[in-house]
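So you know, we letter chains A, B, ... as the sequences are listed, proteins then strands, and number each from 1. Keep in mind it's a predicted model, so treat the numbers as computed, not measured.
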Amino acid sequence: MPNYNPRAVEPKWQQYWETRKTFRCPDPDAPEVAGKPKIYILDMFPYPSGAGLHVGHPEGYTATDILARFRRMRGYHVMHPIGWDAFGLPAEQYAIKNNVHPRITTQANITNFRRQIKSLGFSYDWDREVDTTDPEYVKWTQWIFLELYDTWYDHAAKKGRSISELPIPAEVASQGEAAVAKYRDSKRLAFQANNPVNWCPGLGTVLANEEVIDGKSEVGGFPVERRPLRQWILRITEYAERLLDDLEPLDWSESIKTMQKNWIGKSIGAEVEFRISGRDACVMVFTTRPDTLYGATYMVLSPEHPLLEGITTPEQKAAVTAYQEAASRKSDFERTEMAKTKTGVFTGAFAVNPVNGKDIPIWIADYVLAGYGTGAIMAVPGHDERDFEFAKQFGLPIQVVVTPTPEWLKKTKSTTDDLKVAYCEEGVACNSGPLDGLPTAEAKEKIIADLQAKGLGTRKVNYKLRDWLFSRQRYWGEPFPILHEVDAEGNRTGVIEPLTAADLPLRLPELEDFKPTGSPEGPLVKAQDWVKVTRNGKTYQRETNTMPQWAGSCWYYLRYLDPKNPNAFCDPAKVKHWLPVDLYVGGAEHAVLHLLYSRFWHKVLFDRGHVPCPEPFHRLVNQGLILGETEWTGFARTQTTEAAARNFVDVTGDEWLSAKDVSFDGSSATTKGKNPAALSLVKLPEDQVEKQGESFVLKAKPDIRVDARAFKMSKSRGNVVNPDTVVNQYGADSLRLYEMFMGPLEAMKPWNMRGVEGVYRFLSRVWRLIIDDTAETPTLHPSVQDVPPDAETLKLLHKAIKKVTEDTEGLRFNTGIAAMMEFTNHLTAKVEVRPLSTLKTFVLLLAPYAPHVAEEFWEVLGNSNTLAYEPWPVYDESLVREDEIELPVQINGKVKAKLLVPADADAATLEKMALADPKVLEQLAGKPVRKVIAKPRQMVSIVI
RNA sequence: GCCGGAGUGGCGGAAUGGCAGACGCGGUGGACUCAAAAUCCACUAUCUGUAAUGGAUGUGUGGGUUCAAGUCCCUCCUCCGGCACCA
């Protein structure tokens with residue numbers, strides 16, 4: 001084997017690791033791990049799609065694998081598992097289209113993903129592989145659901161407790177068993193409700209709020225409408241405060257924490273009671289600005305508000321009903337589309353402003369949401385943008401109760417009597433009776449105290465977070481372990497019977513046809529034999545909804561720790577040893593959904609005593625998106641083929657349009673202006689464009705600007721890079737190295753095949769340093785000899801150890817690789833006889849990054865065992881230190897000379913040396929020195 | 001609109017407030033070769049000057065702090081991500 005050939009090296013070591021179970025992770029009680037510190041390094045497990053792996057997957061997986069291998073060599077007991085998030089819509093959509101059972105496609109996809117992942121040489125413990133669709137896994141997903149079902153939230157204790165410990169109020173208890181059961185059901189964390197939900201006809205299922213983007217389904221982009229349906233819901237809102245508070249100490253990026261905070265959306269304010277004028281009824285409103293209560297000139301209820309029925313005057317009835325109907329018919333999409341102008345209708349009723357006794361009109365409008373706060377607001381048009389807009393629209397009075405600053409009035413061209421926009425900032429209260437002169441914060445405190453004293457209001461906290469809609473009308477998901485009792489006529493009685501742990505797993509029934517029914521029952525209703533259950537003489541129907549895809553991924557990090565346990569989701573001793581996850585790496589697309597849901601489940605499990613810590617993931621890192629190769633796009637007026645376009649470049653004429661005159665969204669382009677005309681996109685080869693100033697232009701026609709960007713990889717654009725291709729051409733080690741060398745892990749970066757070639761060349765260079773390329777089989781190069789390294793090589797080696805160690809630890813893999821390249825360049829260029837010991841150390845540094853070829857080197861260097869558990873090299877501080885260093889000398893802030901000085905020279909010495917330097921003297925030209933700043937080991941700065 | 005993050009050579013990127021551009025790609029020249037590929041060596045921010053260990057400019061824009069700013073502060077611009085009637 002003369003040359004570096006990854007296709008020979010890589011399968012050899014993959015097989016070695018597999019047959020010897022090199023990366024088997026022993027359980028905590030195994031003697032060989034006694035005394036070793038633990039580290040749990042977790043990847044977000046993939047959804048095995050039919051398209052196979054793309055190069056984005058191995059980015060995070062390589063990062064964690066490097067760290068896992070590195071920590072093993074540093075003596076850690078490393079947990080590094082992988083599995084499959086295999087339930088979900090895509091498999092089912094595919095199954096419907098091609099009439100194949102989702103289990104078959106799912107298994108085929110898993111097989112392909114496993115092959116691809118194994119071909120990249122990740123050091124997973126394959127004995128711990130989990131698959132969320134495996135009945136033995138589903139069993140415990142269902143078990144956790146039952147645990148949620150069995151839990152209520154005790155606000156006094158601030159924790160979830162067993163439903164058996166729920167105190168039953170005497171008046172409920174006195175009404176008998178059925179009332180008690182109903183009361184319990186109303187407190188469970190998993191409950192059923194008949195609420196308006198996001199129904200997606202295109203997918204035939206309901207979706208969680210989080211799965212709806214701009215009124216369309218996140219998967220498939222189908223329109224979504226509001227419909228009231230019976231659904232399973234998880235009371236995540238009970239945990240809102242803890243989900244928010246516990247975020248603080250986590251080692252997560254600020255942006256993800258902020259996204260979660262915003263999603264939870266805590267706001268502090270007050271709830272205020274408004275009496276309905278002339279009636280014995282009240283409306284509660286929530287406000288974050290109780291200090292503006294004197295400025296409340298009208299009220300708005302949401303169209304769904306229950307009080308409307310009672311308060312609407314006969315004259316307004318028709319208008320109100322019509323508005324309600326229109327609002328209910330509107331899909332979310334239409335609601336956002338129509339949001340440009342405010343709509344609403346007067347109810348005819350008036351409320352009394354509790355602070356000044358004034359009658360204010362009550363309106364309904366769909367800008368007030370039924371699901372937030374109390375579904376009703378006091379409108380303060382002077383100090384709220386939305387209320388201001390509405391008041392302008394319908395000619396309602398605007399009252400200023402917070403004094404705007406003069407600058408603000410000037411900037412907005414307003415006066416206190418005539419606001420042009422709402423003044424939403426804080427300030428000093430005015431026109432507010434006893435609040436006058438108080439700054440906003442104090443005014444809030446005072447008004448809340450006053451209201452509280454009169455029993456008209458109270459301090460209140462609200463959250464944007466809604467309860468989690470947990471059922472889907474689909475086939476390919478976990479069935480609920482729930483039975484509905486039915487009476488003799490076959491109607492549900494409302495009594496619910498959960499399955500017991502012994503009944504689990506509840507498997508999916510076999511179906512011929514798993515198409516959605518379009519009804520809230522879902523396709524499982526077609527399996528009538530499965531649905532009908534008789535036990536203890538009673539008849540039941542199984543729940544025919546299934547759980548959403550998030551269910552399985554909520555707790556998979558727990559199952560890895562004890563994947564085969566038939567008696568528990570995980571042995572408590574193992575959970576205690578491994579949790580929390582020390583490092584969790586995955587895409588930022590899971591910033592809210594998966595991470596919020598699994599934190600919620602974890603907290604419930606924590607409250608119920610199943611896990612030892614309140615948070616599952618101590619450190620979270622999001623790898624950046626990998627884009628396709630940079631594309632240069634020119635815009636031509638005429639329709640043209642790409643081949644013709646090549647010649648087109650050389651053609652003079654005015655067919656080309658400059659990018660600055662074109663609006664381009666990435667897939668199609670038009671001319672700018674009133675009547676946009678479609679343009680033809682011409683993909684240009686790199687050598688036909690050049691940079692001119694800020695932008696790229698056609699080489700042949702430099703006045704034509706060209707669009708240069710890298711796009712997200714997508715099938716339709718045809719810029720997807722398949723890891724298989726890269727592995728075939730350059731090998732897994734090069735792929736791994738390139739993905740890490742591209743730039744910082746968290747940054748978004750474009751792919752470039754030539755970069756892969758660059759790291760391949762680096763590995764080939766190392767190969768030629770160590771291996772005799774004239775021999776038939778891998779043999780040590782004759783220049784490698786058992787001699788001590790020269791002083792310079794030794795120093796550079798220790799510097800490399802230091803840099804690679806620190807950068808690997810800090811996940812700065814790109815600069816770690818650069819350090820290895822630098823050291824290799826030194827060996828190649830400056831060293832004739834290559835010392836064996838130096839190469840051995842260097843190979844260990846390389847091992848976590850390019851493990852296959854490193855194992856091969858290790859073997860050729862005379863070792864018979866894997867290097868996976870070799871001790872990581874340690875650098876010698878005294879060798880890293882320089883004796884003599886070059887320091888710059890600045891004169892008035894500019895570097896004018898360089899000084900070769902002893903590394904430990906102090907400030908006084910440096911100053912003396914600098915002022916004696918001939919170059920410095922020349923620059924000073926006898927001018928007086930005003931000041932000298934000498935920083936040992938850094939620089940000398942002279943001011944004249 | 002609001003909240004995050006980022007703007008550095010032809011490209012990806014590097015730089016505890018202390019010599020901007022490490023490392024890689026690409027490019028130019030050379031060596032090897034009958035030739036090519038591969039490999040090796042040298043150069044490669046811009047302008048200027050080439051007598052050199054020369055000079056000037058330079059990290060999106062404009063200002064500021066400092067002996068010293070890519071790095072800290074303020075203004076604006078652009079790009080990416082998220083949220084978007086949440087009272």
Side-chain angles (χ1 to χ4, degrees), chain A residues 3 214 253-259 261-263 265-267 269 285-289 292 300 335-336 339 342 365-369 371-380 383-387 389-390 462-466 588-589 591-592 622 624-625 627 630 686-687 689-691 694 696 708-710 737-738 741-744 746-759 761-762 764-765 768 773 812 814-822 824-825 828-829 886-895 897-898 919 930-935 937-944:
Chain A
N3 293 318
D214 290 336
S253 74
E254 245 357 274
S255 70
I256 298 284
K257 281 193 192 179
T258 312
M259 277 162 76
K261 272 181 210 159
N262 292 345
W263 195 267
K266 179 179 182 174
S267 51
V285 302
F286 173 70
T287 174
T288 54
R289 290 295 299 271
T292 61
V300 184
R335 265 196 160 175
T336 43
K342 297 251 177 311
D366 64 3
Y367 84 90
V368 173
L369 307 175
Y372 183 77
T374 60
I377 60 155
M378 63 175 208
V380 185
H383 307 286
D384 181 285
E385 254 174 67
R386 299 149 299 182
D387 298 344
E389 247 179 74
F390 191 81
N462 252 309
Y463 301 92
K464 275 201 272 186
L465 183 71
R466 307 297 159 81
E589 66 272 22
V592 275
N622 293 114
L625 202 64
L627 304 173
T630 304
E686 194 176 354
D687 58 9
V689 297
E690 65 184 350
K691 185 108 178 206
E694 291 291 279
F696 280 88
R709 329 181 197 180
L737 222 40
Y738 175 64
F741 189 59
M742 289 170 88
E746 302 191 61
M748 181 192 290
K749 43 216 173 251
W751 187 265
N752 182 352
M753 219 33 126
R754 285 198 296 245
V756 186
E757 215 161 306
V759 294
R761 282 206 284 257
F762 160 64
S764 306
R765 263 175 157 219
R768 288 191 303 270
D773 51 2
R812 294 180 299 270
N814 53 333
T815 49
I817 294 167
M820 289 190 269
M821 287 174 168
E822 276 177 276
T824 305
N825 291 345
T828 312
E886 199 186 49
L887 287 193
V889 181
Q890 288 186 355
I891 294 172
N892 281 351
K894 305 217 167 182
V895 178
K898 287 181 183 173
K919 246 190 131 169
R930 296 220 324 251
K931 196 174 176 187
V932 178
I933 298 125
K935 291 260 180 179
R937 303 193 65 86
Q938 290 181 355
M939 54 121 52
V940 181
S941 186
I942 300 170
V943 191
I944 56 174

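- Protein atom CG of A:Leu627 is 14 Å distant from nucleotide atom C1' of B:A6, rounded to whole Å.
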For nucleotides 55-64 of chain B, tabulate all protein N/O to nucleotide N/O atom pairs closer than 3.5 Å, reporting atom names and distance.
residue: B:A56; atom: OP1; partner: A:Lys896; partner atom: NZ; Å: 3.4
residue: B:U57; atom: OP2; partner: A:Lys894; partner atom: NZ; Å: 3.2

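- Here the side chains of A:Pro744 and A:Asn814 are in contact, with some heavy-atom distance below 4.5 Å.
- Here B:A68 presents its P atom at 13 Å from CD1 of A:Ile944, a figure rounded to the nearest Å.
- In this structure, CG on A:Asp384 lies 8.5 Å from OG1 on A:Thr292, to the nearest 0.5 angstrom.
- Along RNA chain B, the nucleotide nearest A:Thr630 and the nucleotide nearest A:Thr258 are compared for position; the residue whose nucleotide lies closer to the 5' end is A:Thr258.
- On a pure distance criterion of 3.5 Å, no polar donor-acceptor pair joins the side chain of A:Lys261 and the base of B:C3.
- At least one donor-acceptor pair closer than 3.5 Å links the side chain of A:Arg466 to the backbone N or O of A:Lys464.
- A heavy-atom distance below 4.5 Å is not found between the side chains of A:Asn892 and A:Lys894.
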Please enumerate all protein N or O atoms sitting under 3.5 Å from an N or O of nucleotides 22-29 of chain B, with distances to 0.1 Å.
residue: B:A22; atom: O2'; partner: A:Glu822; partner atom: OE2; Å: 3.3
residue: B:G24; atom: OP1; partner: A:Asn825; partner atom: ND2; Å: 3.1
residue: B:C25; atom: OP1; partner: A:Arg761; partner atom: NE; Å: 3.1
residue: B:C25; atom: OP1; partner: A:Arg761; partner atom: NH2; Å: 2.8
residue: B:G26; atom: OP2; partner: A:Arg761; partner atom: NH2; Å: 3.0

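- A:Ser255 comes within 4.0 angstrom of sugar-phosphate atoms only, judged by non-hydrogen atoms across all strands, and of no base.
- Ring-plane geometry between A:Tyr372 and A:Phe286 is classed as perpendicular, the angle between the planes exceeding 60 degrees on a 0 to 90 degree scale with a lower cut at 30.
- Within 4.0 Å of A:Glu690, counting heavy atoms only, lies no atom of the nucleic acid at all.
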Please list, for nucleotides 69-71 of chain B, all pairs of protein and nucleotide N/O atoms separated by less than 3.5 Å.
none

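- Formation of a donor-acceptor pair under 3.5 Å by the A:Asn462 side chain with backbone atoms of A:Ser267 is not found in this model.
- In this structure A:Glu686 satisfies the salt bridge (Lys or Arg N to Asp or Glu O under 4.0 Å) test together with A:Arg754, sequence neighbours excluded.
- When distances are taken from the side chain of A:Pro750 to each of B:G12, B:C67, B:G10, the shortest belongs to B:G12.
- Considering only side-chain atoms of A:Val895, the nucleotide from B:A68, B:A20, B:C85 that sits closest is B:A20.
- B:G9 takes the syn form, because its glycosidic angle lies no more than 90° either side of 0.
- The strand RNA chain B forms stems, runs of 3 or more Watson-Crick or G-U wobble pairs with distances below 3.5 Å, at B:1-7 with B:77-83, B:10-12 with B:23-25, B:26-31 with B:39-44, B:45-48 with B:54-57, B:62-64 with B:72-74.
- A:Ala379 comes within 4.0 angstrom of no nucleic acid atom, judged by non-hydrogen atoms across all strands.
- Close to B:C11, at under 4.0 Å from its OP1 or OP2, lies a side-chain N or O of A:Lys691.
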Nucleotide N/O to protein N/O under 3.5 Å, stretch nucleotides 42-44 of chain B:
none

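- Checking B:C83, B:C85, B:G18 against the side-chain heavy atoms of A:Met939 singles out B:G18 as nearest.
- Using a 4.0 Å heavy-atom criterion, one finds that A:Lys931 contacts the sugar-phosphate atoms exclusively.
- By the 4.5 Å heavy-atom criterion applied to side chains, A:Phe741 and A:Met821 are counted as neighbours.
- When side chains are defined from C-beta on, A:Arg765 counts as touching A:Thr828, because their heavy atoms get closer than 4.5 Å.
- Between B:C11, B:G18, B:C3, one nucleotide has an atom nearer to the side chain of A:Phe696 than all others, and that is B:C11.
- Looking at the side chain of A:Lys749, the nearest of the listed nucleotides B:C19, B:C11, B:G12 is B:G12.
- Candidate nucleotides B:A87, B:G10, B:C3 were compared by shortest atom distance to the side chain of A:Val368, and B:A87 ranks first.
- Residue contacts for A:Ser267: at a heavy-atom cut-off of 4.0 Å it reaches the sugar-phosphate backbone alone, with no base atom in range.
- Comparing B:A68, B:C3, B:G82 by their nearest atom to the side chain of A:Met259 picks out B:G82.
- Not one side-chain nitrogen or oxygen of A:Arg709 sits closer than 4.0 Å to the OP1 or OP2 atom of B:C79.
- For a distance-only test at 3.5 Å, the side chain of A:Lys898 qualifies as a donor-acceptor partner of the base of B:C19.
- One N or O on the side chain of A:Tyr738 and one on the backbone of A:Asn752 form a donor-acceptor pair closer than 3.5 Å.
- Among the protein residues, A:Arg937 comes within range of no part of the nucleic acid, since none of its heavy atoms lies under 4.0 Å from any strand.
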